[in-house]
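As structure tokens, the structure follows; a few thoughts come after it.
Excluded from the calculations below are hydrogen atoms, water molecules and symmetry mates; all remaining heavy atoms, backbone and side chain alike, are included.
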Amino acid sequence: MINYSIVMRGNPTDKAVAKKAYASAQYSEVMDINRFAEHIASHGCVYKRSDIVAILTMSVDCMREQLLAGQKIQLGDLGSFYISINSIGAASAKEFNPAIHIRRLNVNWTCGQRFGELLEEAEFNLVATRSAARAVVKALKAGKTTVDLTGATGGGEDAGGGSNPGGGSDGDQGENPLG
């Protein structure tokens, strides 16, 4: 079950356009590598949790090594990992200096087929935004019996909008607390 809240986001390129409601994924907890390895081991795997953690850790080390060597790594249904470069422009190709003009390397992931089909299997559950939940807890601690959620927005006018207005966020940016 995928929890989501509804957030109101404006168009960052046109502030005059009315905000629209978007879904924002809300995770209930973070699964660390040890719990994930325990989960894998619980599926009838012949490997122990410690072996799985070691394999996952080695995978990260080897992926870093291969990405830094300029390789694209294809891992079947898991997908592909590759590097993209964020750089600033130089006046000419001759003047381009990677030490000056390359600002960041990004590791990109393109999902494999099974991840691409998640929507077909997903079930959704509407939950309160994080800022609304915080407002309720604060009110309860203060002994209040009612909560005004209109002021619990948590973000600015276009916070969380970015270039992916329909994408998820941490659920706490520019959101409608009544969601």
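- Judged as a salt bridge (charged side-chain N to carboxylate O under 4.0 Å, His left out), not a single pair has a partner in residues 111-126 (not counting sequence neighbours).
- No continuous path of hydrophobic side-chain contacts links I55 to V53 [ILVMFWY only; heavy atoms under 4.5 Å].
- Pairs of residues two or more places apart, or lying in two chains, that qualify as side-chain hydrogen bond (donor to acceptor under 3.5 Å, both in side chains) and include a residue from residues 45-68 are N34-R49.
- Shown here are the side-chain hydrogen bond (donor to acceptor under 3.5 Å, both in side chains) partners of N125, two or more places apart in sequence or in another chain: N3.
- H101 and F96 get closest at one heavy-atom pair: CB-CE1, 3.2 Å.
- Remark: K20 engages Y22 in a side chain to side chain contact (heavy atoms under 4.5 Å, CB included) (not counting sequence neighbours).
- Within 6.0 Å of atom CE in M58, 12 or fewer heavy atoms from other residues, nucleotides or ligands are found, so the atom counts as exposed in its surroundings.
- Taking 4.5 Å as the limit, every side-chain heavy atom of Y4 sits out of range of all side-chain heavy atoms of T129.
- Within the structure, the ring pair (Phe, Tyr, Trp, His ring centres under 6.0 Å) test picks out no pair touching residues 50-73 (sequence neighbours left out).
- Rounding to the nearest 0.5 Å places CG of L140 at 9.5 Å from OG1 of T145.
- Clustering ILVMFWY residues whenever any of their side-chain heavy atoms sit less than 4.5 angstrom apart, transitively, puts M31 in the very cluster that holds L56.
- Here CD1 of I83 is found 5.5 Å from CG of L105. Values are rounded to the nearest 0.5 Å.
- Interatomic distance, S5 OG to L126 CG, rounded to the nearest 0.5 Å: 7.5 Å.
- By the rule that hydrophobic residues join a cluster once side-chain heavy atoms approach within less than 4.5 Å of another member, V17 and M8 end up as members of separate clusters.
- Every residue meeting the side-chain hydrogen bond (donor to acceptor under 3.5 Å, both in side chains) condition with H39, not counting sequence neighbours, appears here in chain and number order: H43.
- Residue pairs satisfying the salt bridge (charged side-chain N to carboxylate O under 4.0 Å, His left out) criterion with at least one member in residues 25-40, sequence neighbours excluded, are listed as follows: E29-R35.
- Screening residues 75-85 for side-chain hydrogen bond (donor to acceptor under 3.5 Å, both in side chains), with sequence neighbours left out, gives S84-N108.
- Under the side-chain hydrogen bond (donor to acceptor under 3.5 Å, both in side chains) criterion, T146 pairs with no residue at all, not counting sequence neighbours.
- The minimum heavy-atom distance linking P12 with G10 is given by the pair CD-O, 3.4 Å.
- Evaluation of the side chain to side chain contact (heavy atoms under 4.5 Å, CB included) rule for L78 yields L75, F81, F115 as partners, not counting sequence neighbours.
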Could you walk me through whether R9 and S24 satisfy the side chain to side chain contact (heavy atoms under 4.5 Å, CB included) test, starting with their C-alpha distance in whole Å, then the side-chain angles of each, then the deciding distance to 0.1 Å, before giving a yes or no? CA-CA 11 Å; R9 293 195 177 122; S24 180; 4.1 Å; yes

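- How far CG of N106 is from CG of L67: 12.0 Å, rounded to the nearest 0.5 Å.
- Judged as a ring pair (Phe, Tyr, Trp, His ring centres under 6.0 Å), not a single pair has a partner in residues 123-142 (not counting sequence neighbours).
- Every residue two or more places apart in sequence or in another chain was checked for a side chain to side chain contact (heavy atoms under 4.5 Å, CB included) with V46, and none qualifies.
- A heavy-atom distance below 4.5 Å is not found between the side chains of N86 and I102.
- A distance of 11.5 Å separates CE of M63 from CG of L68, quoted to the nearest 0.5 Å.
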